Peer 1: 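For reference, the structure I am asking about is given below.
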Amino acid sequence: MTELLTITYRSFSCLRKPIEGISAILSESLDRNQRLGITGLLLFDGTYFLQTIEGPSAETRSVYAKIVSDARHTDVTPLRIRLIRARVFPTWRMKLIGPAATARIVPDMDGLDFAYKRLDEIHLAAKHVARPEPEQSYLFH
């Protein structure tokens with residue numbers, strides 16, 4: 001069985017045109033993640049990103065290394081890096097939750113408590129917000 005890894009981080013957005021930038025990120029993520037067996041969640045409140053990626057350990061580490069060096073954000077702060085037995089988001093190549101929904105899920109994004117329990121609560125809330133809809137259509141309003 002393949003070793004699975006999850007990585008969650010928060011970062012500060014440098015997007016000058018958020019809708020275009022988010023569309024590009026989502027498009028790139030969906031293609032790459034399909035190929036590498038990565039799944040995950042991307043929350044964006046208009047200022048910060050909070051992302052969880054999960055998948056085979058080597059591929060997840062490689063994707064995270066590319067994410068850290070991406071100029072579309074800065075101040076990448078890892079919140080959780082750990083081996084997992086099962087994925088939290090097994091069918092989401094990358095689900096995006098936009099600003100309005102993210103603000104409801106994580107109203108304290110700028111001072112987010114980095115406790116694992118808090119991240120688990122955020123993941124659960126995101127699952128409730130995200131309706132079963134095509135991954136290319138995202139909650140951005």
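Computed from a prediction, not measured in an experiment: that's the story for all the values here. For the numbers below, each heavy atom of this structure counts, side chains included, while hydrogens, waters and symmetry mates do not.
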Peer 1: Do side-chain atoms of Glu54 reach the backbone of Phe89 as a donor and acceptor pair under 3.5 angstrom?
Peer 2: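 Checked: pair present.
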Peer 1: Run the numbers on Arg87 and Trp92 for side chain to side chain contact (heavy atoms under 4.5 Å, CB included), then give the verdict.
Peer 2: CA-CA 10 Å; Arg87 297 171 190 255; Trp92 294 358; over 6 Å; no
Peer 1: Salt bridge check, Asp45 against Arg10: does any charged N sit closer than 4.0 Å to a carboxylate O?
Peer 2: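 Salt bridge: no.
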Peer 1: Does one hydrophobic cluster hold both Leu50 and Phe12, with members joined at side-chain heavy-atom distances below 4.5 Å?
Peer 2: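 Same hydrophobic cluster.
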Peer 1: Given the rule in the side chain to side chain contact (heavy atoms under 4.5 Å, CB included) test, do Leu4 and Arg85 qualify, once you have shown the distances and angles that lead to the verdict?
Peer 2: CA-CA 7 Å; Leu4 295 174; Arg85 293 178 191 220; over 6 Å; no
Peer 1: What pairs with Glu28 under salt bridge (Lys or Arg N to Asp or Glu O under 4.0 Å), at least two apart in sequence or on another chain?
Peer 2: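 Salt bridge (Lys or Arg N to Asp or Glu O under 4.0 Å) list for Glu28, sorted by chain: Arg72.
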Peer 1: So, taking the atom named CD1 in Ile84 and the one named CG in Leu5, what distance separates them when rounded to the nearest 0.5 Å?
Peer 2: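 So the gap between those two atoms works out to 7.5 Å.
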Peer 1: By side chain to side chain donor-acceptor pair (under 3.5 Å), which residues pair with Ser11, not counting sequence neighbours?
Peer 2: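 Per chain and number, Ser11 pairs via side chain to side chain donor-acceptor pair (under 3.5 Å) with His73.
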Peer 1: Between Ile22 and Leu96, is a side chain to side chain contact (heavy atoms under 4.5 Å, CB included) present by the stated rule, with each step listed?
Peer 2: CA-CA 9 Å; Ile22 290 291; Leu96 171 66; 3.0 Å; yes
Peer 1: Mind running side chain to side chain contact (heavy atoms under 4.5 Å, CB included) on Thr52 and Val88 for me, showing each step along the way?
Peer 2: CA-CA 9 Å; Thr52 297; Val88 175; over 6 Å; no
Peer 1: Assigning hydrophobic clusters by single linkage (Ile, Leu, Val, Met, Phe, Trp, Tyr; side-chain heavy-atom cutoff under 4.5 Å), is Ile81 placed with Leu42?
Peer 2: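 Yes, one cluster joins them.
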Peer 1: Please tell me whether Val68 and Tyr9 are part of a single hydrophobic cluster in this structure, the criterion being side-chain heavy atoms less than 4.5 Å apart.
Peer 2: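 In one cluster with Val68: Tyr9, yes.
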Peer 1: Between NZ of Lys95 and CG of Leu26, what distance do you get to the nearest 0.5 Å?
Peer 2: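 Taking NZ in Lys95 and CG in Leu26, the distance rounds to 9.5 Å.
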Peer 1: In Å, rounded to the nearest 0.5 Å, how long is the span from OG of Ser13 to CG of Asp75?
Peer 2: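 Ser13 atom OG to Asp75 atom CG measures 11.5 Å (nearest 0.5 Å).
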Peer 1: Got a second to check how far Ile53's CD1 is from Thr39's OG1, nearest 0.5 Å?
Peer 2: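 The CD1 atom of Ile53 sits 9.5 Å away from the OG1 atom of Thr39.
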